[in-house]
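Just so it is clear, the values below take in all heavy atoms, side chains as well, and ignore hydrogens, waters and symmetry mates. FYI, the numbering just counts along the sequence from 1.
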Amino acid sequence: MSYKETYQSWVDNKDLDKHLVEELNHLTEEQIEDAFYTSLEFGTAGQRGLIGVGTNRMNKYTVRLTTEGLARLMDSKGEEEKKRGVAIAYDSRHFSPEFAMEAASVLASHGIPSFVFESLRPTPELSFAVRELNALNGIMITASHNPAPYNGYKVYGEDGGQMPPHDADALTKYVEAIDDIFSINPEDSDKYIEEGLITIIGKEIDDKYLELLKTVTINQDLIDKFGRDLNIVYTPLHGTGEMLGRAGLAQAGFEKIAVVEEQAIPDGDFPTVKSPNPESQAAFKLAEELGREVGAEMLVATDPDADRIGVEVLLPNGNYQPLSGNQIGAILAKYILEAHKSAGTLPENAAILKSIVSTDLVAHIAESYNVEMFNVLTGFKFIAEKIQEFEDTGSHTYMFGFEESFGYLIKPFVRDKDAIQALLLVCEVAAYYKSLGKTLYDGIQDIYAEYGHFKEKTISLTLEGIDGSAQIKEIMTNFRDNAPSKFAGLEVLLTEDFKEQTATSHTGKVEKLTTPPSDVLKYHLEDGSWIAVRPSGTEPKIKFYLAVIGDTDEEATKKIESIEEEINKFVK
């Protein structure tokens, strides 16, 4: 059907929710086209979109549609498997509780049990619950760190990791086979609760998660001596981090915790921030104000579903300095390996995992400890898959995994990014540097002095709507067909095309990549720097990742600026 025909089918539906009818009646022609020209697609971590009316929006009907696809996929795996059910959690966004119950009801209409949290919970706890309950799948209703108008839907596999590509593709096919979105009409959730197909869960899972959270701490004596006096400001940015973050810190022995109370209140409008994104210094405005008031040495923020964490450190001049996602990853990796080496607990087969667009600094750190570094595609499910492989084969012992986009996992009782775990460990690392009379910022400078001045920058270009999608494809095609042979005067020695699964050297030699196909290009330069280009899997963005190394910070900064200038010219 054309978008106009699809739109008309929604207009003709007399049972459409009143708030959606109201919105439908006030759409402009341009808005109609954008809301109905396509359906929300599964990306690297599920689907995400604006809340509203239409097939290209998050609403109860599109939630039902996706869940129907999941239910049919589970049906195909047999009665015994589907009886294991689905764990479901949600964050503080608008309609999150309603979407969670809609999903549970659709599953129940197939005879599939679900375990729904009584109130909002972090994404990592959902990942944990899937494993703890031996569920076949999990659903997390969240749009992560997106602004207030968004919501989303992430699906998890039985290992607690985000659904792997083969299952995601199968789910998509089941969804595409459904002709009428309005044909999915489950009964009221109260009926399914009475029948036992929907079970409400809560504290019992919290307690088990918090018990395992104790294992994240590496050096309790260090926390006891220096962590108790570490002055910390924490903000959950109106999200789920409040559920476990404060309790986890207190349990570990951190006593001087000041919470930004205005942002401890769950609120889908995120009234105190433009965007609840801990990657942005703007999100730390209230934390910085409170930090100055209480004399905090560090500020930490978790995003609404508590799978990402941001950190700022007090400088001698009284300002707070944000750490980049790569810097946090490097400082955590260095501490984990050094602490275990000092304690004699570093396994011989230790391994660290990171995404292909994350800093190579951590690879150099790992090498210095004779620890193997594994690079995986962007998307934490690929880290989860490697963890499972290590456990199945016994080939390696997982020590740490991260993505430059502020996502970290320390202990694998969770199989997704876990900002609650990272919150505890980054505070322990701060206590370590405090014991040396230093800060986390001093720590990253020490790492640069030892391993070289690595510098990274991510450029995100947002291109929304039909035209935006076409522009993103055009940019990727242009890079594939006409990419420069040099960036900032540095020759491209190797071009990796993860979609075509090829690695082509500057001499023309072509080798096969072993990673699954993914629409990513990566250019390796003669001095060890690299550039990667990748469309976002969940947002209307194309991202450019720049990574350089220099003898000094100034040299590295100049390289970044030169490469960025060339990319901007190329894109235009």
Side-chain angles (χ1 to χ4, degrees), residues 37-38 41-45 47-48 164-166 168-169 172 354-360 375-379 381-382 403-405 456-549 559-572:
Y37 84 94
T38 189
E41 294 182 0
F42 251 68
T44 54
Q47 58 190 170
R48 196 179 302 174
H166 62 276
D169 290 343
T172 299
K354 74 174 184 69
S355 69
I356 58 173
V357 295
S358 298
T359 181
D360 284 337
N375 286 295
V376 298
L377 293 175
T378 301
K381 59 189 170 190
F382 297 111
E403 292 183 328
E404 49 72 42
S405 53
E456 298 84 22
K457 184 171 184 177
T458 301
I459 307 165
S460 291
L461 184 60
T462 300
L463 298 165
E464 296 181 325
I466 304 171
D467 292 341
S469 178
Q471 284 177 273
I472 289 171
K473 289 178 181 176
E474 185 180 332
I475 290 169
M476 290 302 296
T477 299
N478 198 21
F479 266 97
R480 279 197 168 85
D481 296 344
N482 307 296
S485 59
K486 291 183 178 182
F487 287 92
L490 298 166
E491 187 176 1
V492 176
L493 295 186
L494 183 71
T495 300
E496 292 176 312
D497 188 331
F498 290 86
K499 185 176 182 179
E500 299 299 327
Q501 295 180 291
T502 57
T504 306
S505 75
H506 65 298
T507 61
K509 182 181 178 182
V510 180
E511 294 184 353
K512 190 77 172 172
L513 294 174
T514 58
T515 53
S518 182
D519 195 8
V520 183
L521 292 163
K522 190 171 182 179
Y523 304 94
H524 298 265
L525 308 186
E526 60 183 280
D527 71 335
S529 301
W530 53 263
I531 299 104
V533 189
R534 167 185 169 264
S536 171
T538 50
E539 299 174 274
K541 293 180 179 180
I542 184 166
K543 295 185 176 184
F544 305 89
Y545 303 85
L546 320 182
V548 303
I549 181 172
K559 284 186 183 181
I560 285 276
E561 290 172 350
S562 296
I563 293 172
E564 182 177 4
E565 187 177 340
E566 289 191 18
I567 285 176
N568 287 335
K569 287 179 182 176
F570 188 79
V571 171
K572 290 176 183 177

**Request:** Could you give me the CA-CA distance, side-chain angles and deciding distance for Leu521 and Met476, then say whether side chain to side chain contact (heavy atoms under 4.5 Å, CB included) is met?
**Result:** CA-CA 8 Å; Leu521 292 163; Met476 290 302 296; 4.0 Å; yes
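- Using a distance-only test at 3.5 Å, with no hydrogens or angles considered, no donor-acceptor pair links the side chain of Glu491 to the main chain of Glu526.
- In terms of heavy-atom proximity, Phe570 sits nearest to Pro484 at CE1-CD, 3.9 Å.
- Under the 4.5 Å side-chain criterion, counting only non-hydrogen atoms from C-beta, Thr515 is not in contact with Val376.
- Rounded to the nearest 0.5 Å, atoms NZ (Lys522) and CG (Asp497) are 13.5 Å apart.
- Distance CH2/Trp530 to CG/Leu525: 10.5 Å, rounded to 0.5 Å.
- Atoms OG1 and CD, from Thr502 and Glu511 in turn, are 10.5 Å apart once rounded to the nearest 0.5 Å.
- Judged as a ring-ring contact (aromatic ring centres under 6.0 Å, His included), the pairs with a partner in residues 484-510 (not counting sequence neighbours) are, in order, Phe487-Tyr523.
- In this structure, the side chains of Leu377 and Pro516 come closer than 4.5 Å at one or more pairs of heavy atoms.
- Leu513 contributes atom CG, which lies 14.5 Å from atom NZ of Lys499 (distance to the nearest 0.5 angstrom).
- Side-chain atoms of Ile475 and Phe544, non-hydrogen and from C-beta on, do get closer than 4.5 Å to each other.
- Note that CG of Leu461 and CD1 of Ile542 are 7.0 Å apart. Values are rounded to the nearest 0.5 Å.
- Salt-bridge formation is detected for the pair Asp519/Arg480: a Lys NZ or Arg NE/NH1/NH2 atom is positioned less than 4.0 Å from an Asp or Glu carboxylate oxygen.
- When each of Thr462, Leu463, Ile459 is tested with Lys541 by the rule side-chain contact (heavy atoms from CB on, under 4.5 Å), just one qualifies, namely Thr462.
- Thr458 contributes atom OG1, which lies 4.5 Å from atom CD of Glu404 (distance to the nearest 0.5 angstrom).
- Panel note: side chain Ser505, backbone Thr507; a donor-acceptor pair is recorded below 3.5 Å.
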Give the table of side-chain donor-acceptor pairs shorter than 3.5 Å for residues 559-569, with sequence neighbours excluded, one pair per line with atom names and distance.
{"residue": "Lys559", "atom": "NZ", "partner": "Asp527", "partner atom": "OD2", "Å": "2.4"}
{"residue": "Lys559", "atom": "NZ", "partner": "Ile549", "partner atom": "O", "Å": "2.9"}
{"residue": "Ser562", "atom": "OG", "partner": "Lys558", "partner atom": "O", "Å": "3.0"}
{"residue": "Glu564", "atom": "OE1", "partner": "Lys457", "partner atom": "NZ", "Å": "2.9"}
{"residue": "Glu564", "atom": "OE2", "partner": "Lys457", "partner atom": "NZ", "Å": "3.2"}
{"residue": "Glu566", "atom": "OE1", "partner": "Ala488", "partner atom": "N", "Å": "3.2"}
{"residue": "Glu566", "atom": "OE2", "partner": "Ala488", "partner atom": "N", "Å": "2.8"}
{"residue": "Asn568", "atom": "ND2", "partner": "Glu564", "partner atom": "O", "Å": "3.3"}

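- Minimum interatomic distance between Glu496 and Ala503 (heavy atoms only, all atoms of both residues): CG-CB, 4.2 Å.
- When side chains are defined from C-beta on, Thr378 does not count as touching Val520, because their heavy atoms never get closer than 4.5 Å.
- Side-chain atoms of Glu403 and Ser355 form no donor-acceptor pair, as typed in the model, at a separation below 3.5 Å.
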